[in-house]
Amino acid sequence: MLQVNFIRNNKERVLAGLKKRNAKEDLLQAIESILQLDDDRKRLKTELDEANAERNRFSAEIGALMKQGKKEEAEQSRSQVAGLKERTAAIEEELKSTEEQLTEQLYLIPNIPHESVPVGITPEDNEIYRPGPDPLPELGDTALPHWEIAAKYKVFDLELGVKLTGAGFPVYRGKGAKLERALINFFLDEAAAAGYEEIIPPLMVNEDSARGTGQLPDKEAQMYHVTLDNLYLIPTAEVPVTNIYRDQILDASELPIKMTAYTPCFRREAGSYGAHVRGLNRVHQFDKIEIVQIAHPDQSYEILMQMLEHVAGLLNKLGLPFRILRLCGGDMGFTSALTFDFEVWSAAQKRWLEVSSVSNFETYQSNRMKMRFREGKDKDIQLVHTLNGSALALARIVASILENNQSPEGVVIPEVLRKYTGFDLLN
RNA sequence: GGAGGAAUGGCAGAGCGGUUGAUUGCAGCAGUCUUGAAAACUGCCGUACUGAGAGGUACCGGGGGUUCGAAUCCCUCUUCCUCCGCCA
């Protein structure tokens with residue numbers, strides 16, 4: 001969430017940012033309400049502090065008198081404190097309720113878009129930051145969509161997943177399973193080579209972690225909730241990995257912290273059905289390798305670009321045609337300040353498939369997580385910037401490989417994957 | 001799952017109703033000494049809110065309670081340790 005002081009000192013910028021996100025009028029009014037609530041909070045806190053200070057003075061006095069054995073005088077002081085108690089209790093209650101309202105309102109405010117974020121409402125308004133190849137590869141009319149190729153070569157089985165679990169839970173088999181594992185290892189090795197520490201995090205997180213990265217409150221419906229233990233299945237490794245440094249004060253010399261993790265990701269996404277979500281286009285469980293960085297604010301945008309090039313490098317090595325979009329204000333995630341999406345061209349489906357999203361969250365997540373760092377000799381403490389990106393999301397990469405690399409003999413495995421798969425052709 | 005014990009500052013570890021935001025040691029920072037380093041010595045060494053500042057307030061795993069006053073007493077939750085049971 002945003003810091004109240006930031007809102008106070010940059011009100012016009014915040015309002016302009018919200019407008020770029022096409023925020024409704026009530027959200028703009030929430031800004032006023034936040035500033036008012038914060039004023040109330042300060043006033044009440046001061047009142048409470050003063051009342052407490054008075055009480056502490058009496059208590060110290062009573063203590064001193066008791067020590068000297070002056071019991072009667074102590075009794076006298078004690079009776080003077082009586083009224084104070086009720087007053088503090090009342091102020092305390094009001095303060096608590098004000099703070100709760102303030103937090104509630106702050107949770108409603110999304111991150112402020114970076115200045116480079118284009119104005120726009122729908123995905124059509126996204127800016128093409130780096131165009132795809134021209135002309136786009138063509139496969140002709142005989143090209144099959146990946147779900148048909150998968151059926152032909154038994155790569156994965158969605159029907160079987162329905163029997164075992166439900167819709168959207170693919171079962172990978174044989175060479176398909178091996179391809180999946182090959183991609184995981186390839187992506188992890190590439191991330192390690194780029195200096196990311198490999199992490200194997202828990203696949204379930206508690207409420208605090210889900211709140212830290214912004215999944216809670218509000219987006220409960222996106223996650224599977226284990227109610228008996230009040231745990232959430234992770235929708236992305238971003239959640240457990242970023243939360244590793246929650247509630248910590250790092251030293252500036254430790255930054256940036258680079259971490260990578262492979263995990264399955266679970267998404268309820270009560271979304272639509274139809275051609276666009278067929279096959280692996282949208283599933284409830286998929287594998288993903290995530291890269292996360294915790295960065296110094298001065299470096300975060302430079303780092304965002306490095307992450308962008310890392311992902312671009314992966315797609316180049318796999319030989320997949322892709323383009324990069326800079327998301328417009330209306331299409332950007334709630335917690336992000338700047339997001340680039342990677343889309344792979346599917347010659348068979350004749351459309352672009354999103355395979356990665358790389359974002360800078362600036363201090364939006366770190367403020368929630370109280371993730372800070374200490375700078376230099378003056379020991380100034382400030383919030384870090386957090387960034388993450390998919391490098392990459394497997395299900396859609398598998399779909400892209402199946403479709404783009406199909407041939408009469410079978411699916412040609414990209415060169416870089418062959419040492420992992422142990423076979424050249426999926427058939 | 002059953003029975004006990006414990007949770008204090010970066011770490012170790014005192015305190016168990018009154019001037020304790022917290023003894024002490026280690027680590028860290030600044031300085032004295034030294035050609036330099038080490039050693040020794042001196043000082044500093046948590047976070048947040050609030051205030052122009054002096055200062056004030058809150059926090060000793062989380063939440064609640066008793067009391068004029070709680071790190072210290074009570075309730076509750078969480079986590080960890082030991083023993084028993086079960087188990088990949």
Side-chain angles (χ1 to χ4, degrees), chain A residues 1-9 34-106 200-212 216 225-232 240 243-255 257 294 363 366-384:
Chain A
M1 68 180 112
L2 298 178
Q3 298 173 92
V4 179
N5 280 338
F6 176 83
I7 296 176
R8 192 180 290 284
N9 300 329
I34 283 168
L35 295 179
Q36 181 59 51
L37 283 165
D38 190 50
D39 284 341
D40 292 346
R41 198 203 97 243
K42 283 187 189 176
R43 198 196 72 235
L44 290 164
K45 180 70 164 65
T46 307
E47 266 180 56
L48 182 65
D49 284 358
E50 278 165 5
N52 279 340
E54 199 179 338
R55 189 203 62 198
N56 287 344
R57 273 197 300 277
F58 274 115
S59 294
E61 198 181 300
I62 292 169
L65 290 170
M66 295 289 264
K67 222 169 198 176
Q68 293 165 34
K70 295 178 180 168
K71 284 212 168 151
E72 278 169 39
E73 288 175 50
E75 280 301 326
Q76 217 170 10
S77 285
R78 191 180 293 188
S79 63
Q80 285 181 280
V81 192
L84 233 101
K85 246 189 143 178
E86 280 173 43
R87 211 177 100 210
T88 49
I91 301 171
E92 221 163 71
E93 202 168 309
E94 206 183 333
L95 177 63
K96 201 174 156 188
S97 126
T98 305
E99 281 174 341
E100 276 168 12
Q101 287 175 58
L102 179 60
T103 308
E104 209 174 285
Q105 296 277 303
L106 279 170
I200 301 182
L203 303 182
M204 292 189 217
V205 292
N206 58 28
E207 275 183 62
D208 285 345
S209 296
R211 200 175 297 112
L216 290 180
H225 187 194
V226 182
T227 52
L228 204 56
D229 298 292
N230 197 24
L231 298 173
Y232 294 87
N243 271 281
I244 287 176
Y245 292 96
R246 164 156 51 88
D247 287 323
Q248 282 203 31
I249 299 174
L250 298 155
D251 193 274
S253 64
E254 296 175 76
L255 303 176
I257 294 172
I294 295 166
T363 61
S366 61
N367 187 36
R368 281 197 186 183
M369 284 188 278
K370 296 286 164 278
M371 194 192 288
R372 294 163 291 170
F373 74 101
R374 209 187 290 274
E375 173 98 274
K377 281 184 183 170
D378 49 355
K379 309 232 166 145
D380 187 26
I381 292 172
Q382 18 171 346
L383 294 167
V384 296

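Keep in mind that the numbers below use all heavy atoms, side chains included, and drop hydrogens, waters and symmetry copies. First the proteins, then the strands, lettered A, B, ... as listed; each starts at 1.
- Take A:D208 and apply the side-chain hydrogen bond (donor to acceptor under 3.5 Å, both in side chains) test, not counting sequence neighbours, and it matches A:R211.
- At whole-Å resolution of the value, CD in A:E99 and C1' in B:C59 are 14 Å apart.
- Base pairing in RNA chain B gives the following stems of 3 or more Watson-Crick or G-U pairs, range against range and under 3.5 Å: B:1-7 with B:78-84, B:10-12 with B:24-26, B:28-32 with B:40-44, B:46-50 with B:55-59, B:61-65 with B:73-77.
- Here the shortest heavy-atom pairing between A:I249 and A:R374 reads CG2-NH2, 4.0 Å.
- With A:S97 contributing its side chain and A:E93 its backbone, the two residues share no donor-acceptor pair below 3.5 Å.
- For the C1' atoms, the distance linking B:C11 with B:C84 amounts to 34 Å, nearest Å.
- By the ring pair (Phe, Tyr, Trp, His ring centres under 6.0 Å) test, A:Y245 is found to be paired with no residue, residues two or more places apart in sequence or in another chain being considered.
- The distance between atom CD of A:E50 and atom C1' of B:U57, rounded to the nearest whole Å, is 10 Å.
- When every heavy atom of A:N243 is checked against every heavy atom of A:R246, the shortest pair comes out as OD1-NE, 2.7 Å.
- Between A:R374 and B:U47 there is a side-chain polar atom (N or O) within less than 4.0 angstrom of OP1 or OP2.
- Here the CE-CD1 distance, from A:M369 to A:I244, works out to 10.5 Å after rounding to the nearest 0.5 Å.
- A:R372 contributes atom CZ, which lies 10.5 Å from atom CD of A:Q248 (distance to the nearest 0.5 angstrom).
- Remark: A:D38 pairs with A:R8, A:R41 by the side-chain hydrogen bond (donor to acceptor under 3.5 Å, both in side chains) rule, at least two apart or across chains.
- A donor-acceptor pair under 3.5 Å is absent between the side-chain atoms of A:T88 and the main chain of A:A51, judged by distance alone.
- Here, B:A54 and B:G63 have their P atoms 29 Å apart, quoted to the whole Å.
- Taking atom P on both B:U19 and B:U57, the two are 14 Å apart, rounded to the nearest angstrom.
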What protein N or O atoms touch nucleotides 48-51 of chain B N or O atoms at under 3.5 angstrom, if any, and at what distances?
| from | atom 1 | to | atom 2 | distance (Å) |
| --- | --- | --- | --- | --- |
| B:A48 | OP1 | A:R372 | NH1 | 2.9 |
| B:C49 | O3' | A:R41 | NH2 | 2.6 |
| B:C49 | O2' | A:R41 | NH2 | 3.3 |
| B:U50 | OP1 | A:R41 | NH2 | 3.2 |

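- The distance between atom CG of A:N230 and atom C1' of B:U79, rounded to the nearest whole Å, is 16 Å.
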**OP:** Summarise how protein sits on nucleotides 62-70 of chain B as a single string, 5' to 3': B when a protein heavy atom is under 4.0 Å from the base, S for sugar-phosphate-only contact, - for no contact.
**Re:** --S---BS-
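- Between the side chain of A:S59 and the backbone N or O of A:N56, no donor-acceptor pair lies under 3.5 Å.
- Rounded to an integer number of Å, the gap from A:E92 CD to B:U57 C1' is 11 Å.
- Taking atom P in both B:U72 and B:G9, the straight-line distance is 14 Å, to the nearest Å.
- Under a 4.0 Å N-O distance rule, the pair A:D39/A:R43 does not qualify as a salt bridge.
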